[in-house]
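Below: one structure, written as structure tokens.
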Protein chains: 2
Amino acid sequence: MSASGKTRLPGRDALRDSVLGGDLVFLLARANALTLAAANAALAEHGLKARSYSVLALAADGVRPTQRELAEFLRLDPSQVVALVDGLEQRQLVERRTDPADRRANVLVATDAGRDLFARAQQAARAVELGLLAPVTPEEHERLAGLLRLLAFPG
Amino acid sequence: MSASGKTRLPGRDALRDSVLGGDLVFLLARANALTLAAANAALAEHGLKARSYSVLALAADGVRPTQRELAEFLRLDPSQVVALVDGLEQRQLVERRTDPADRRANVLVATDAGRDLFARAQQAARAVELGLLAPVTPEEHERLAGLLRLLAFPG
DNA sequence: CCTCAATGATTGACATTTTCAACGGTTCGT
DNA sequence: ACGAACCGTTGAAAATGTCAATCATTGAGG
């Protein structure tokens, strides 16, 4: 198959060694695309995607986030959060509770079923993460997370 | 149970400390969203986005990638590459050359104007990258790139 | 107490991006 | 030479992203 006579194709890694190979934005984009795809695939059997999984996670965590906080944290438009929460609420995984301290705001809490599903989904998510980071030592894993946090939460 | 004595609002970083705070997929997504936005903003003055910048970069690098290679490398559908290349070609920044070794394939090469614009855009891109990584040492910067490469190019 | 600007959620419209299936031209193995 | 596989292209459908307008509520200042 491959290995045509001359230097025909840019070897499988000629592109990798190009300028973009050192471009952080590109590396992030590609790493994100791959991990997101893997995560979505793994979460699909639970009827979740990375997005809905994230929302469910925060609800199940008892953090009682408002939708606005959710929107900012997940970098989504508030209207997208509405749709996301609608989906989870229809499946009885989360509930909207109007915040007694500010009746404009909705606070998200997970139902028992929600916490239950989350627990299972989290295992799948963790398995994926470990699979992705198989070639990396636990210390490097933690170091990577730390550096990403710096980028993800500047200031 | 929520014996909610006081409905504490999630402090500005209660969410950060939740389960998701250690979720690699989430951190990647958020870091990617922020850096992508920063990159797009910086590239806008050159009439580029991260996507078109990437294509232009590979063309300007003399790697002579085919559109299919571009698609796989950038994790895009081939049809998206068509649109991307159309845009750059109409601005006379790149040219499609049918690969003499395989006349089905188009090889991308940058024009002089293309290389010129890329040189300028690259400066903007580098400035952004340095700004984003201001809080980390150069060694950590390199380490981050290395770890991301592992995720971005498994196998 | 009574405005009034600001805020949270929601809706609906619109643009952009993603994802697929189909098609003509070309290559390659058999 | 045949047929399967592959490249680029097109077009359409689905999913996402972006924005402005609205309602209810809040909080500040007169």
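All of these numbers come straight from a predicted model, not from anything done at the bench.
For A:R97, no side-chain nitrogen or oxygen approaches OP1 or OP2 of C:dA9 to under 4.0 Å. Regarding contacts with the backbone of D:dG8, every side-chain N or O of B:R96 stays at 4.0 angstrom or more from both OP1 and OP2.
A side-chain donor-acceptor contact under 3.5 Å links B:T111 to the backbone of B:Q92. A donor-acceptor contact shorter than 3.5 Å links the side chain of A:D102 to the backbone of A:R104. No donor-acceptor pair closer than 3.5 Å links the side chain of B:Q67 to the backbone N or O of B:N106. At distances below 3.5 Å, not a single donor-acceptor pair connects side-chain atoms of A:R149 with backbone N or O atoms of B:R16.
B:L84 has its CG atom 15 Å from the C1' atom of D:dT9, to the nearest Å. Whole-Å rounding puts the B:D102 CG to C:dG29 P distance at 12 Å. Computed from coordinates, the B:D99 CG to C:dT27 P distance equals 9 Å when rounded to whole Å. The interatomic distance linking A:N106 (CG) with C:dA9 (P) rounds to 6 Å, in whole Å. Atoms CG (B:L70) and C1' (D:dT9) sit 15 Å apart, rounded to a whole Å.
In summary, B:R30 and A:E72 do not engage in a salt bridge, as defined by a charged side-chain N under 4.0 Å from a carboxylate O. No salt bridge links A:R103 with A:D99; every basic N to acidic carboxylate O contact stays at or beyond 4.0 Å. At a threshold of 4.0 Å, the pair A:E95-A:R115 does not count as salt-bridged, since none of the basic side-chain nitrogens sits closer than that to a carboxylate oxygen.
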Atom pairs and distances, donor-acceptor, side-chain atoms in residues 48-59 of chain B, under 3.5 Å, two or more places apart:
unit_1, atom_1, unit_2, atom_2, d
B:S52, OG, B:K49, N, 2.9
B:S52, OG, B:K49, O, 3.2
B:S54, OG, B:A50, O, 2.9

In a table with atom names and distances, give each donor-acceptor pair under 3.5 Å that connects a side chain of residues 77-85 of chain B to protein atoms at least two apart or in another chain.
unit_1, atom_1, unit_2, atom_2, d
B:D77, OD2, B:S79, N, 3.0
B:D77, OD2, B:S79, OG, 2.5

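Partners of B:R143 by salt bridge (Lys or Arg N to Asp or Glu O under 4.0 Å), not counting sequence neighbours: none found.
In terms of polar N and O atoms assigned as donor or acceptor, the side chain of A:R104 comes within less than 3.5 Å of the base of C:dT7 in a complementary pairing. A donor N or O paired with an acceptor N or O is not found under 3.5 Å between the base of D:dC7 and the side-chain atoms of B:R68.
Rounded to 10°, the helix from C:dC1-D:dG30 to C:dT30-D:dA1 has 30° between the axis fitted to its first five pairs and the one fitted to its last five.
Proximity of residues 25-45 of chain B to DNA chain D (heavy atom under 4.0 angstrom from any strand atom) is not detected for any residue.
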With sugar-phosphate taken as primed atoms, P, OP1 and OP2 and all else as base, the protein-contact string of nucleotides 13-20 of chain D at under 4.0 Å (heavy atoms; B, S, -) is ---SSBB-
Tell me, with the steps shown, if B:E89 and B:R97 meet salt bridge (Lys or Arg N to Asp or Glu O under 4.0 Å). CA-CA 11 Å; B:E89 194 171 40; B:R97 304 233 180 118; over 6 Å; no
